[in-house]
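Note that the coordinates shown come from a computational prediction; the quantities given were computed from them, not determined experimentally. One is the number of the first residue; the rest follow in order along the sequence. Note that ligands are numbered from 1 as they come in the structure, with each ligand's atoms numbered from 1 the same way.
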Amino acid sequence: MRKKIIAGNWKMNKTVEEAVELANAIKLDLAECKEVDVVLCPPFTAIKAVSDVVSETLINVGSQNMSSEDEGAYTGEISHTMLKELFVRYVILGHSERREYYKETDFWINKKVKKALEKNLRPIVCVGEKLEDREGGNTEAVVEVQVREGLKDIPAAAYTELVIAYEPVWAIGTGKTATSAQAQEVHAFIRGIVKDMVGAEAADAVRIQYGGSMKPDNAPELLSQPDIDGGLIGGAALDAASFFGIVKAGM
Ligand code: 13P
């Protein structure tokens, strides 16, 4: 039985003061949550403050990106050492917004995934098709390349640590959710690719989150699908009550 994992991707929202307020509100409900792995991913500038708020709880902290390099002349980048120093456990890698606006490619995402695993950070590797891919009947082809390239040469044993997030780009921030059947179909497809790449045991162990306009009202149905093991939440993670509502649906 895979434990569900619900992560809040706060994206480029919340000052330190606002982040502390939100983390404190989430902590009231979820400090002792054992049934679901809960992860908060604030912007880099608020990671330290949020880590301090949740330090004595079961809530985990994640980052929204990480450099593939150890240290040095990489202006604007953040290393694994810097993140671990702030008690970060998870790193979101290859989010569609990074692929789209900052031209991140599967090659670089794969380098980051390897670096994260080498340093005992848990990657949340994002994949997902654009609207034109879905309308053109290319969803599976696009997702397959992202999974095979992004997770290239990752050993089977690492799949208990890494998380895959299926986020159809057309469902992100649009209020348009994939139906539970649409999402389940792609999740099962992804698990099948993992099985083909590294075997049945790893495929059975890997957790696959859904992301894209997940809210407390659609979360129960999405999270009851056999291959949906959690959620990567954007907008609804910025409100403590909505985020709690989604986590509750995963309990
Ligand atoms: P929304 O929940 O706002 O659609 O965002 C999803 C997402 O991109 C999480 O990473």
Side-chain angles (χ1 to χ4, degrees), residues 4-14 18-19 22-23 26 36-44 46-47 50 59-66 88-102 104 109 112-113 116 121-131 133-134 139 142-143 146-147 150 162-180 182-183 186-187 190 207-223 225 228-250:
K4 295 245 185 321
I5 172 166
I6 306 288
N9 175 8
W10 295 3
K11 305 193 180 181
M12 197 172 72
N13 295 292
K14 305 291 177 189
E18 291 164 348
L22 178 57
I26 290 170
V36 173
D37 285 334
V38 176
V39 188
L40 307 182
C41 305
F44 289 124
I47 287 179
V50 169
I59 298 170
N60 298 280
V61 177
S63 70
Q64 300 173 20
N65 191 12
M66 185 199 78
V88 164
R89 286 286 289 127
Y90 291 83
V91 289
I92 298 173
L93 299 174
H95 192 279
S96 63
E97 287 149 15
R98 298 217 53 88
R99 292 176 187 262
E100 178 74 9
Y101 306 137
Y102 306 102
E104 277 195 22
I109 294 161
K112 291 178 179 191
V113 173
L121 287 161
R122 297 178 161 181
I124 298 178
V125 187
C126 304
V127 300
E129 82 286 4
K130 295 185 195 172
L131 184 60
D133 301 325
R134 178 158 284 266
T139 297
V142 168
V143 169
Q146 292 172 338
V147 172
L162 75 83
V163 177
I164 299 171
Y166 168 59
E167 299 202 303
V169 178
W170 49 271
I172 296 177
T174 58
K176 263 194 217 168
T177 326
T179 65
S180 53
Q182 278 174 326
V186 182
H187 280 237
I190 293 170
R207 293 185 292 181
I208 308 177
Q209 295 174 309
Y210 169 80
S213 299
M214 199 190 264
K215 307 271 185 276
D217 60 346
N218 59 28
E221 200 184 323
L222 285 160
L223 294 172
Q225 300 301 309
I228 300 184
D229 308 311
L232 184 55
I233 321 300
L238 298 175
D239 174 75
S242 298
F243 187 67
F244 177 57
I246 296 172
V247 174
K248 230 170 39 182

Please report which non-hydrogen protein atom sits nearest to atom 3 (O) of ligand 1, along with the residue it belongs to and the distance in Å to one decimal place.
Gly235 N, 2.8 Å
Nearest neighbour in protein (non-hydrogen) for atom 2 (O) of ligand 1:
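Checking every protein heavy atom, the shortest distance to atom 2 (O) of ligand 1 gives Gly234 N, 2.9 Å.
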Which residues pass the ring-ring contact (aromatic ring centres under 6.0 Å, His included) test with Tyr166, sequence neighbours left out?
His187
Of Leu93, Val88, Leu162, the residue whose pairing with Leu121 passes side chain to side chain contact (heavy atoms under 4.5 Å, CB included)
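When side chain to side chain contact (heavy atoms under 4.5 Å, CB included) is applied between Leu121 and each of Leu93, Val88, Leu162, only Val88 qualifies.
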Could you tell me which atoms of ligand 1, counted from 1 in the order shown, lie closer than 4.0 angstrom to a heavy atom of [X]?
X      : result
Asn9   : 9 (C), 10 (O)
Gly212 : 4 (O), 6 (C)
His95  : 7 (C), 8 (O), 9 (C), 10 (O)
Glu167 : 6 (C), 7 (C), 8 (O), 9 (C), 10 (O)

Check: Ala236 N/O within less than 3.5 Å of ligand 1 N/O:
no
Are any of the N/O atoms in Gly173 less than 3.5 Å from those in ligand 1?
yes
Could I get the full list of side-chain contact (heavy atoms from CB on, under 4.5 Å) partners for Asn13, not counting sequence neighbours?
Lys11, Leu238
For atom 1 (P) of ligand 1, the option (of Ala171, Ser96, Ala7, Ser213) bearing the nearest heavy atom
Ser213
Tell me which one of Lys11, Lys176, Met214 gets a heavy atom nearest to atom 5 (O) of ligand 1.
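Heavy atom nearest to atom 5 (O) of ligand 1 belongs to Lys11.
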Quick check: are there more than 12 heavy atoms from other residues, nucleotides or ligands sitting under 6.0 Å from CD of Glu221?
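Not more than 12 within 6.0 Å, no.
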Do Val186 and Tyr210 make a side-chain contact, defined as non-hydrogen atoms from C-beta onward lying under 4.5 Å apart?
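SC-SC contact between Val186 and Tyr210 ruled out.
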Measure the shortest side-chain to side-chain distance between His95 and Ile172 over non-hydrogen atoms and say whether it is less than 4.5 angstrom.
yes
Looking at CZ of Arg98 and CD1 of Ile109, how far apart are the two atoms once the value is rounded to the nearest 0.5 Å?
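The CD1 atom of Ile109 is 9.5 Å from CZ of Arg98, to the nearest 0.5 Å.
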